[in-house]
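Since the structure comes first, as structure tokens, the remarks are kept for the end.
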Amino acid sequence: MGKIKAWDELTICDNFLFLKVMQNKWICKRLIEKILSIRIHRITYPVTEKTIDIRYDSKSIRLDVFVEDDQGTLYDIEMQTTDGDTPDELPKRARYYQAMMDMDVLNKGEFYTKLRKSFVIFICTFDPFTAGRSIYTFQEACRENSKLTMGDETTKIFLNSQGNREGLDPDIVAFLDYVNGLSAKGRFTKDIEKEVKKVKEHKETRWEYMTLMMEMKKQWNEGHAEGKAEGKAEGKAEGIATTTLKFIRNQLKRKVPYQQIAEDTETSLDEVLRIAKESNMVY
């Protein structure tokens with residue numbers, strides 16, 4: 001696990017701060033409306049395992065922006081600052097989040113025909129498809145006739161803060177520039193900036209962040225030390241088996257999102273999933 005980022009250094013690109021800012025309903029709703037060019041009457045944060053709440057306790061750490069509008073449509077919004085170890089990692093991550101939303105509905109006893117219209121939105125600080133666009137929208141379509149869509153009501157959207165901005169809403173242009181570290185322009189982005197400052201001035205939230213980071217660092221150090229001891233006893237010291245395995249298993253027990261574990265340990269998502277399967281801790 002790398003150096004813990006200082007609280008004052010956090011920006012909108014850091015998951016913890018981004019998720020806290022998205023707890024402002026007006027900002028979260030407006031961001032969705034601007035990205036999708038729609039109007040939403042209201043949004044709620046469902047009280048489910050994927051609630052927007054960020055908490056550290058004996059069971060889990062949740063880091064999802066998961067909201068529902070008044071029509072029952074579901075939205076998952078994620079800030080992405082790394083594109084993974086393989087070209088297909090980000091698309092498969094989007095597929096995973098889509099599946100999580102569907103399972104949330106089915107786990108409540110609903111039949112599959114009751115699956116909701118849903119959107120997975122990734123805000124990327126890099127170009128995920130290297131085509132220069134600022135927004136990529138994917139829906140299931142027929143290979144033989146691209147105008148024929150599946151109609152399963154699922155959409156995956158990737159925003160690229162490095163793109164060309166062609167045809168984008170001015171507020172989304174300003175937002176992506178802000179993600180890139182430029183000054184806030186326009187009412188919407190300035191409201192986001194105000195919320196960022198408000199969150200960062202909140203002493204309890206600062207303490208929450210530091211407590212979370214220090215606990216994760218502690219677990220990392222414990223796992224690292226134990227792994228080295230085990231490796232020495234076995235006469236070997238081979239990467240994942242001797243330095244991060246215990247930490248990964250501890251995080252899996254807490255049901256930390258797989259991608260978060262991968263990022264915290266600088267391990268590939270595939271490796272984390274492999275360990276989860278071998279340890280019977282898939283969720």
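One-based numbering along the sequence shown. In what follows, every heavy atom counts, from backbone to side chain, and hydrogens, waters and symmetry copies are set aside.
A donor-acceptor contact closer than 3.5 angstrom links the side chains of Ser118 and Gln98. Side-chain contact check for Asp127 and Gln162: no donor-acceptor pair (N or O, by modelled atom type) lies under 3.5 Å. Side-chain polar atoms of Tyr136 and Asn160 form no donor-acceptor pair below 3.5 angstrom. In summary, the side chains of Glu68 and Thr44 do not present any donor paired with an acceptor at a separation below 3.5 Å, with no hydrogens or angles considered. In this model, a donor atom of one side chain and an acceptor atom of the other lie less than 3.5 Å apart for Asp152 and Thr154. When only modelled atom types and interatomic distance are considered, Asp102 and Tyr97 share no side-chain donor-acceptor pair under 3.5 Å.
Between Trp7 and Tyr209, the ring planes lie tilted relative to each other; the angle falls in the 30° to 60° range. Ring-plane geometry between Phe138 and Phe129 is classed as tilted, the angle between the planes lying from 30 to 60 degrees on a 0 to 90 degree scale.
The pair Glu201-Lys197 does not count as a salt bridge, with every side-chain nitrogen at least 4.0 angstrom from each carboxylate oxygen.
The nearest pair of heavy atoms linking Asp191 to Ile27 is O-CD1, 3.7 Å. The minimum heavy-atom distance linking Asp83 with Glu89 is given by the pair O-CB, 4.2 Å. Contact record, Cys13 with Thr81: O-CG2, 3.6 Å, taken as the closest heavy-atom pair. The two residues Asn24 and Trp26 come nearest to each other via the heavy atoms OD1-N, 3.0 Å. Between Phe126 and Gln80, the shortest heavy-atom contact is CE2-O, 3.5 Å.
No more than 12 heavy atoms of other residues, nucleotides or ligands sit less than 6.0 Å from atom CD of Glu166.
When each of Lys203, His202, Lys20 is checked for a side-chain hydrogen bond (donor to acceptor under 3.5 Å, both in side chains) with Glu208, only Lys20 meets the rule.
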